[in-house]
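Below: the structure, in structure tokens.
Everything numeric here is computed off the predicted structure, so don't read it as measured data.
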Amino acid sequence: MPKKQSKPIKIKRYRNSLAGTSNAVRIVKKVVLWLVALAVLFFGGYFLTKWGLSTLQRIKVEEGQSSSYTASESEESSTGSAISGEEGTAGVQNALAGGQTAATITLPELTEQTAKALADAGITVAVLTIKDENGTLYLQVPGEFAEAAIAPGAITVQQLRSAKEGFAAQGVTLAVRICAYKDPIAPHTSRSAAVWFQGQENVLWLDNEPSAGGKPWLSPYSGEAQKYIKDILNEVLTAEIDNVIIAWLQFPQVYSLGYTGYGAAAAGVPMNKVLQNTTGELMSLAEKAGATAIFEYPSDAASGTNLVSYTENPLTFGASAVLLRIAGGEVENAKALIDAAKAAGAQVIGVYVSGVQATDAGAGTIATGLSAAGAGFVLFGS
């Protein structure tokens, strides 16, 4: 007798039942996993955000407590243009005056501690050289010339502005000094902007024998050189510095001047005229920003005894504010220089006593005497 066969329909239903249960379990597992993942993301994100905000707040607090004047890159101005002011602003509106005592400082000294120390010593003005006579730049300035000259650790425009505000909070005015054409770096960036040897195009003239460390100079006739100085001035004005000293705005004054050459730009234009024109242009830039350009002249040029670098007394170039650079031993002759500057029309006159520090014994007596002689401010430094 044949065996009774199982009903396949039941087996089929049984298998379907098992499959349904397995699918349901997998779906539940997936849902649970998704919920766990979302929970991890939510709580993880919450704590991560909380930690990040806490860390950022701590960093900001630490930055606010820093003794140096720094700024974030997002706050940095890179426009390269001066802050515009009212047309016709007097060139001496914010000038140093009133018998103030000033001292030179270096970039590492641009700190709150320095400002406090100067204020405690009765020094009301700090002068920072932003481009020195070695051609080095201590301010980040755009352009090809600047790129080759910027020193490690050079500050930004925003940092310079912050420093000015920090010094002002201590009762000290921050002024900036720019050395113009005495620059051995820029001529190697563009030889067409340099003084040439015997008029030979792009052959650099040196202010001494190469073996004695002779260095090239920028040419006052060069449009590139003039623009470079204006670019630096514009960045300083963007930092809202009210007093900018322009030094070495002159022709070379040393070795083998008979071998200097300036190319076609010098044709028909006297040396004193090009210097006078540049002086007026720099004054105008400062005035539009509500600032004062102060032009530094050596005592032998201001007295008329040595005019080889100007061909004419620079006091006649029309500067409304001047700084007369003298050596410590020339203090007795300073009154005659101050009187000459007044006669030439300068409204603000400072005296730079080089080689004497503001904290040296006798510096106070010198400052008092020069102020009595008519100096609006007296600068001490190397």
Is the terminal nitrogen or CZ of R325 (NZ for Lys, CZ for Arg) located under 6.0 angstrom from the six-membered ring centre of W248 and within 45° of that ring's axis? yes
Correct closest heavy-atom pair for K164 and E240 would be NZ-O, 2.6 Å
Taking every non-hydrogen atom, the tightest pair across P184 and P187: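 Looking at all heavy atoms of both residues, the shortest contact is C-CD, 3.8 Å.
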Contact check, side chains of [X] and [Y], non-hydrogen atoms, under 4.5 Å:
X	Y	value
Y352	T104	yes
F167	T173	no
V348	V322	no
V127	V176	no

If you measure from CG on L249 to CD1 on I178, what distance do you get to the nearest 0.5 Å?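 Output value for this atom pair is 10.5 Å.
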Anything under 30° is parallel, anything over 60° is perpendicular, the rest tilted; go ahead and classify F197 against Y259.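 Parallel, since the angle between the ring planes stays under 30°.
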Around atom CD of E144, are there more than 12 heavy atoms of other residues, nucleotides or ligands at under 6.0 Å?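 Incorrect, the count does not exceed 12.
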For Y262 together with F251, are the ring centres under 6.0 Å from each other?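 Yes, the ring centres sit under 6.0 Å apart.
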For E296 and R177: C-alpha separation, side-chain torsions, deciding distance, then whether salt bridge (Lys or Arg N to Asp or Glu O under 4.0 Å) applies. CA-CA 9 Å; E296 179 184 316; R177 182 170 176 261; 2.8 Å; yes
Report the C-alpha distance between D183 and K131 in whole Å, list the side-chain angles of each, state the deciding distance to 0.1 Å, and finish with yes or no for salt bridge (Lys or Arg N to Asp or Glu O under 4.0 Å). CA-CA 9 Å; D183 183 338; K131 177 181 179 286; 3.0 Å; yes
